[in-house]
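Everything below concerns the one structure shown next.
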Amino acid sequence: MIHDNLNVAANGHLCFVGRDTVALAQKYGTPLYLMDEEKIRDRIRVYKKAFEDFFPEGSVPEYASKAFSCKQIYRIVAEEGINVDVVSVGELYTAVKAGVSAKNCFYHGNNKTDADISFAIEQGIGHFVADSLDEIYAIDAIAKQKEIIQPIFLRVTPDIDPHTHKKIATGSVDSKFGIAIKTGQALAAVKEILTLNNIKLSGFHCHVGSQVFDSKPFCNSAEIMLEFIKEVNEQTGYMAKSLNLGGGFGVRYVESDPVIDYRSKIKEVADKVNEVSKKLQIPVPKIMMEPGRSLVADSGITLYTVGSVKEIPNYKTYVSVDGGMTDNPRYTLYESKYTVINATNADKEADVKAVIAGRCCESGDLIGEDIPIAKARRGDILAVLTTGAYNYSMASNYNRVPRPPVVMLTKDNEYIAVKRESLDDIIALDE
Ligand SMILES: *Cc1c(COP(=O)(O)O)cnc(C)c1O
């Protein structure tokens, strides 16, 4: 199977982390998110070890927590000893409540309000990743009021095309994120920052995009960023000690996606960073990267119950499930590809091509089209694979559908990390 935490039991049911998914669906109800805790920990360790082995001391990966955010994942990340990226006060608050030190958090995003900045400073945020001059002035002013000096990274755009979906490519000059190197604005911003009293510039940040399988876009952006560090040094005397190369390594959603060896990809990036730093005669900076999906995506699956199978002769077969865009909007947003298995009949051949449809009153509410699957009937359990990232975190209550629970599995343990929303939760804020 596509991931090593899946197998088929003698009764034909799909097993995940050694457990019968049909039995789990019965026990917890559907839709249901399942996550493999040990796989998440293993993946974090692969990154952390590679950083220790290949980059200068103090180089630490950060978990881009927008991929999957709840208290339990922050506890796991804190226990494993890596840092955390947040993009909102909601994520920061969850992380802090879970016991993460705000010092180990990096606050991203292209529009932080004054209230966001104040809140984060009060929590003791380690770094803001500043995205614009407007924001830099705001952080400086608020830090001044609070009588502190706030460390920041500056997000710049290296103008790299990572050859991924345009909605998840972020490193180009015309991106909504960051400040462009090419136009001279990034250098101008650094000069401005260096005149401000309540901000300390720790280094530079870039992020080229997501679902990238090759180390090349990272190597290319590393080269551009190191050249920028050198140029800044020549023009201002400021030498950046840290460089964050962003997130974005890919994961396998379907069999045709490549298998990726994260350790060797990180080594390729490190080799490039060392080579270019040497060529430019600058000290090798501490390196950060901020993987999101590659830490959690293939640790998750979603289970649904089939409600109807509708064959339209010579057209399509619709298999409708009891979830959809409310728990996984990624096909609707990006036409993301997924592997789907009839978990009740996982030993049967995928003999039908079906449209897997969600339950919302939207034609676009689909999990996928042209999906090979073993013939399904009402009551069968379907498993959608690789849903550990950008599923629960993107879930909504559209159509007043309650969000599914997240159940974590280890070899010896099984527990609810997030409860199922109730109908009373749905009306909880209504006056
Ligand atoms: C989304 C994002 C990430 C994580 O991307 P993945 O594809 O999940 O690894 C990292 N950094 C920034 C700035 C992002 O916007």
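Each ligand, and each atom within it, is numbered from 1 in the order the structure gives.
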### Query
Sequence neighbours excluded, which residues qualify as side-chain hydrogen bond (donor to acceptor under 3.5 Å, both in side chains) partners of Thr183?
Gln185
### Contact partition for Ala67 relative to ligand 1, non-hydrogen atoms under 4.0 Å
neither
### Message
Between His108 and His205, is the ring centroid distance below 6.0 Å?
### Response
yes
### Task
Please check if the distance between the ring centroids of Tyr47 and Tyr262 is under 6.0 Å.
yes
### Query
So which heavy atom on Arg330 is nearest to which on Tyr390, and how close?
CD-O, 3.3 Å
### Sub-3.5 Å N/O-N/O distance, Gln211 and ligand 1
no
#### Entry: Sub-6.0 Å ring centroid separation between Tyr338 and Tyr331
no
### Message
Below 4.0 Å, non-hydrogen atoms only: which portion of His207 touches ligand 1? Side chain, backbone, both or neither.
### Response
side chain
### Query
Relative to the ring of Phe218, is the ring of Phe249 parallel (under 30°), tilted (30 to 60°) or perpendicular (over 60°)?
tilted
#### Entry: Salt-bridge contact Asp53-Lys49 (side-chain N to carboxylate O under 4.0 Å)
yes
### Query
Between Tyr390 and ligand 1, is there a nitrogen or oxygen pair with a distance under 3.5 Å?
yes
### Message
For the 3.5 Å polar cut-off, considering only N or O atoms, please tell me whether Gly248 and ligand 1 meet it.
### Response
yes
#### Entry: Atoms in ligand 1 flagged as close to Ala64, the criterion being non-hydrogen separation under 4.0 Å
3 (C), 4 (C), 10 (C)
### Task
Output the list of atoms in ligand 1 that are nearer than 4.0 Å to some heavy atom of Glu290, sorted by atom number.
3 (C), 4 (C), 10 (C), 11 (N), 12 (C), 13 (C)
### Query
Does any N/O atom on Asp85 come nearer than 3.5 Å to any N/O atom on ligand 1?
no
#### Entry: Nitrogen or oxygen of Gly292 less than 3.5 angstrom from that of ligand 1
yes
### Summary
Gly247 heavy atoms within 4.0 Å reach ligand 1 at atoms 9 (O), 10 (C), 11 (N)
### Message
Could you tell me, atom by atom, which parts of ligand 1 come under 4.0 Å of a heavy atom of Arg155?
### Response
13 (C)
### Query
Counting from 1, what ligand 1 atoms have a heavy atom of Ser210 closer than 4.0 Å?
5 (O), 6 (P), 7 (O)
### Task
Between Phe177 and ligand 1, find which residue part has any heavy-atom pair under 4.0 Å and reply side chain, backbone, both or neither.
neither
### Message
Between Arg45 and Glu38, does any NZ, NE, NH1 or NH2 come within less than 4.0 Å of an OD or OE carboxylate oxygen?
### Response
no
#### Entry: Lys66-ligand 1 polar pair, N/O distance under 3.5 Å
yes
### Query
Should His205 be counted as touching ligand 1, given the test is an N or O pair under 3.5 Å?
no
### Query
Quick one: does Asp425's side chain have a donor or acceptor within less than 3.5 Å of a partner on Ser422's backbone?
yes
### Task
Taking atom NZ of Lys286 as the centre, report whether more than 12 heavy atoms of other residues, nucleotides or ligands fall under 6.0 Å from it.
no
